[in-house]
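Single-structure report; data block below.
Each chain gets a letter, A, B and so on, in the order the sequences are listed, and its residues count up from 1. The basis for the numbers below is simple: all heavy atoms, side chains too, and nothing from hydrogens, waters or symmetry mates. The shown structure was predicted, so the numbers you read here are calculated from the model rather than taken from an experiment.
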Amino acid sequence: MPELPEVETVLQGLKPHIEGKTISKVTIRRYDLRWPIFKNISQKLMGQKLHKITRRAKYLILHFDQGAALLHLGMSGQVRIVNKTQPINKHDHFDLEFDANKILRFTDPRRFGAFLWAGIHYKDHPLLISLGPEPFDKKFSGEYLWHLAQSRSVSIKSFIMDNKIVVGIGNIYAAESLFLSKINPKLSVRKLTQDRFSSLVIAIRFILRKAIKRGGTTLKDFINSEGNPGYFSQHLNVYGRAGLSCYQCSHILQMIHIGQRSTVYCEKCQI
DNA sequence: CAGAATACCTGCGGGC
DNA sequence: TGCCCGCAGGTATTCT
């Protein structure tokens with residue numbers, strides 16, 4: 001269930017362990033993830049140095065000598081650095097082994113995750129090419145959102161969860177940022193003023209920054225952690241609180257569905 | 001083209 | 001105890 005803060009946490013956890021190291025072995029146990037893993041990925045990666053790891057949206061980008069590989073955690077994906085003594089569990093789908101006995105192990109029960117070779121021109125990969133700006137990109141502003149909104153008719157919640165508008169905002173942080181900025185998630189984007197969009201942008205950045213900071217506290221345990229970045233333990237105002245009372249006004253929080261996704265909000269605070 | 005619905009997959013909790 | 005059902009979540013793909 002990773003959203004952007006979780007992916008960022010994973011990135012920061014991986015970096016110190018494997019950046020600058022060379023692949024010595026690749027073991028694929030299941031090729032059928034969201035998309036099939038390239039059949040010759042093992043040969044391809046063998047002996048290549050991993051120069052750095054970066055992130056774009058919720059994709060981790062592994063930069064090798066001959067190009068980049070994309071790693072997406074889907075909804076249940078997890079990566080850890082393990083050593084050879086770690087037993088293989090049911091959903092451990094592949095290992096990237098580096099020298100010094102450091103193994104990147106990918107685990108994903110639902111197999112919505114992906115591991116794709118994207119080559120030198122990875123920036124043109126179809127999965128990346130039409131993504132909107134990062135939430136922390138200066139381009140992402142109230143003005144930017146307002147302009148795009150004028151030709152759309154979706155709800156504000158669907159709008160901010162659309163990757164072409166802005167990346168990295170999933171169901172949880174969409175609900176939370178709308179609560180913080182006091183916007184009703186059902187509201188049509190065309191009814192929002194630029195000022196309200198600006199508040200939303202601030203709320204989104206605030207929430208994400210807070211979550212990333214929180215995730216960072218688990219980094220030191222990265223090697224042996226069970227991969228719980230403290231996601232649900234953080235203070236959520238509305239997500240998962242349907243039927244409970246609003247922390248702001250005590251009104252009972254409502255659960256509705258927007259675009260097939262459960263949405264919790266306060267009908268008193270969010271107008 | 002925009003928007004809505006569907007599909008992918010597994011584990012878990014609730015109801016019976 | 002066991003079974004069936006609904007739900008969760010990211011996002012590409014298919015349908016209207």
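Which of B/dG3, B/dC9, B/dG11 sits closest to the side chain of A/Arg152 comes down to B/dG3. Taking only side-chain atoms of A/His91, from C-beta outward, the nucleotide of C/dG10, B/dG11, C/dT11 with the closest atom is B/dG11.
Nucleic acid contact for A/Ser151: none, since no nucleic acid atom lies under 4.0 Å from a heavy atom of the residue.
Proximity of A/Lys90 to the phosphate of B/dG11: a side-chain N or O atom is located under 4.0 Å from OP1 or OP2. Phosphate contact (OP1/OP2 of C/dA12, side-chain N/O of A/Tyr59, threshold under 4.0 Å): present. Remark: A/His72 is not in phosphate contact with C/dG10, judged by side-chain N or O atoms under 4.0 Å from OP1 or OP2. Considering only side-chain N and O atoms, A/Arg34 lies nowhere under 4.0 angstrom from the phosphate OP1 or OP2 of C/dA12.
The nearest whole Å value for the distance from the CD1 atom in A/Ile172 to the P atom in C/dT11 is 13 Å. When the P atom of C/dG10 is taken as reference, atom CG of A/Leu127 falls 16 Å away, rounded to whole Å. In this structure, the CZ atom of A/Phe159 is 13 Å from the C1' atom of B/dA2, given to the nearest Å. Between A/Ile129 atom CD1 and C/dA12 atom P there is a gap of 13 Å when expressed in whole angstrom units. Atom C1' of nucleotide C/dG10 and atom CE of A/Met161 are separated by 8 Å, given to the nearest angstrom. Atom NE2 in A/His125 sits roughly 11 Å away from atom P in C/dA12 (whole-Å rounding). For the pair A/Asp162 CG and C/dT11 P, the interatomic distance rounds to 11 Å; values are reported in whole Å. Rounded to a whole Å, the CG atom of A/Leu73 is 10 Å from the P atom of C/dT11.
Stacking of A/Phe112 onto the six-membered ring of B/dC8 is present: less than 5.5 angstrom between centres, less than 30° between planes.
The distance between the ring centers of A/Phe98 and A/His17 does not fall below 6.0 angstrom.
Taken from OG in A/Ser130 to CG in A/Asn163, the straight-line distance is 8.0 Å, to the nearest 0.5 Å.
No more than 12 heavy atoms of other residues, nucleotides or ligands lie within 6.0 Å of NZ in A/Lys268, so this atom counts as exposed by the packing criterion.
In this structure, A/Arg241 satisfies the cation-pi test against A/Tyr247, with its NZ or CZ atom closer than 6.0 Å to the six-membered ring centre and inside 45 degrees of the ring normal.
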Tabulate protein N/O versus nucleotide N/O from nucleotides 6-8 of chain C, keeping only pairs under 3.5 Å, one per line.
residue: C/dA8; atom: OP1; partner: A/Ser262; partner atom: OG; Å: 3.4
residue: C/dA8; atom: O3'; partner: A/Tyr239; partner atom: OH; Å: 3.2
residue: C/dA8; atom: N3; partner: A/Arg110; partner atom: NH1; Å: 3.3

Checklist entry - After noting the C-alpha distance and the side-chain angles of A/Arg29 and A/Asp95, does the key distance pass the salt bridge (Lys or Arg N to Asp or Glu O under 4.0 Å) rule? => result CA-CA 8 Å; A/Arg29 301 187 190 82; A/Asp95 286 354; 2.7 Å; yes
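When each of A/Arg30 and A/Val154 is assigned the nucleotide of DNA chain B bearing its nearest heavy atom, the one mapping closer to the 5' terminus is A/Val154.
If you chain together hydrophobic residues whose side chains sit under 4.5 Å apart, A/Leu50 and A/Ile81 fall into the same group.
Under the 30°/60° scheme for interplanar angles, the aromatic rings of A/Phe115 and A/Phe94 are found to lie parallel.
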